[in-house]
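Got a structure for you, written out below as structure tokens; questions coming shortly.
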Amino acid sequence: MSYAIIRIQAIQKELELLQKNLADELQGTQKPTQLQGLWKDIDISDDDIEEAQQAVFRTAYEKEDVIES
């Protein structure tokens with residue numbers, strides 16, 4: 001198969017998952033994410049989450065700092 005067909009199929013699958021997740025969220029049937037295995041005994045603080053967000057979305061935070069200045 002060509003790359004375009006494979007890519008279209010991947011996008012279709014992603015859209016189906018998004019549609020299912022949105023339907024679950026609207027109906028209130030979505031299960032909360034459980035941290036298991038390696039993560040079960042680790043406490044994650046709000047500061048840890050903020051630090052991770054800044055690391056992942058670094059460029060967005062940099063642009064935000066420029067806008068605020």
Side-chain angles (χ1 to χ4, degrees):
M1 278 194 231
S2 73
Y3 173 78
I5 292 172
I6 293 170
R7 185 70 180 120
I8 290 169
Q9 289 173 340
I11 291 169
Q12 287 174 330
K13 287 180 184 178
E14 180 72 17
L15 287 172
E16 289 170 6
L17 285 172
L18 288 171
Q19 183 180 16
K20 181 185 179 309
N21 288 340
L22 181 59
D24 289 345
E25 185 177 315
L26 291 174
Q27 294 173 0
T29 58
Q30 188 174 19
K31 296 179 183 176
T33 302
Q34 299 291 321
L35 296 176
Q36 298 177 1
L38 181 64
W39 300 96
K40 68 180 178 182
D41 294 326
I42 295 178
D43 293 323
I44 299 173
S45 69
D46 290 338
D47 290 337
D48 294 331
I49 293 172
E50 179 68 25
E51 184 180 335
Q53 286 175 337
Q54 288 183 10
V56 171
F57 302 109
R58 183 177 309 125
T59 56
Y61 281 93
E62 290 170 357
K63 288 179 184 178
E64 190 175 281
D65 290 341
V66 170
I67 292 170
E68 291 176 0
S69 299

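Keep in mind that the numbers below use all heavy atoms, side chains included, and drop hydrogens, waters and symmetry copies.
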Checklist line | Distance in Å, Gln53 CD paired with Asp46 CG, rounded so as to fall on 0.5 Å steps | finding: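 Rounded to the nearest 0.5 Å, the CD-CG separation comes out at 9.5 Å.
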
Checklist line | CG on Leu22 to CD on Gln27, rounded to 0.5 Å | finding: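 If we round to the nearest 0.5 Å, Gln27:CD and Leu22:CG are 9.5 Å apart.
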
Check: Gln12 and Glu16: side-chain donor and acceptor closer than 3.5 Å?
Finding: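 Their side chains do not contain a donor-acceptor pair, so the 3.5 Å distance test is not met.
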
Notebook entry, point to check: Looking only at atom types and distance, does a side-chain atom of Asp48 sit under 3.5 Å from a main-chain N or O of Ser45, one as donor and one as acceptor?
Noted result: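 Answer holds: yes.
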
Check: Could you give the distance from NZ (Lys13) to CG (Leu15), rounded to the nearest 0.5 Å?
Finding: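 Spacing of NZ (Lys13) from CG (Leu15) equals 12.5 Å.
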
Notebook entry, point to check: Listed by chain and number, what are the side-chain contact (heavy atoms from CB on, under 4.5 Å) partners of Leu17, not counting sequence neighbours?
Noted result: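 Checked Leu17 against side-chain contact (heavy atoms from CB on, under 4.5 Å); zero matches.
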
Checklist line | Residues that Glu14 engages under side-chain contact (heavy atoms from CB on, under 4.5 Å), provided they are two or more places apart | finding: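 In terms of side-chain contact (heavy atoms from CB on, under 4.5 Å), with neighbours along the sequence ignored, Glu14 is linked to Leu18.
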
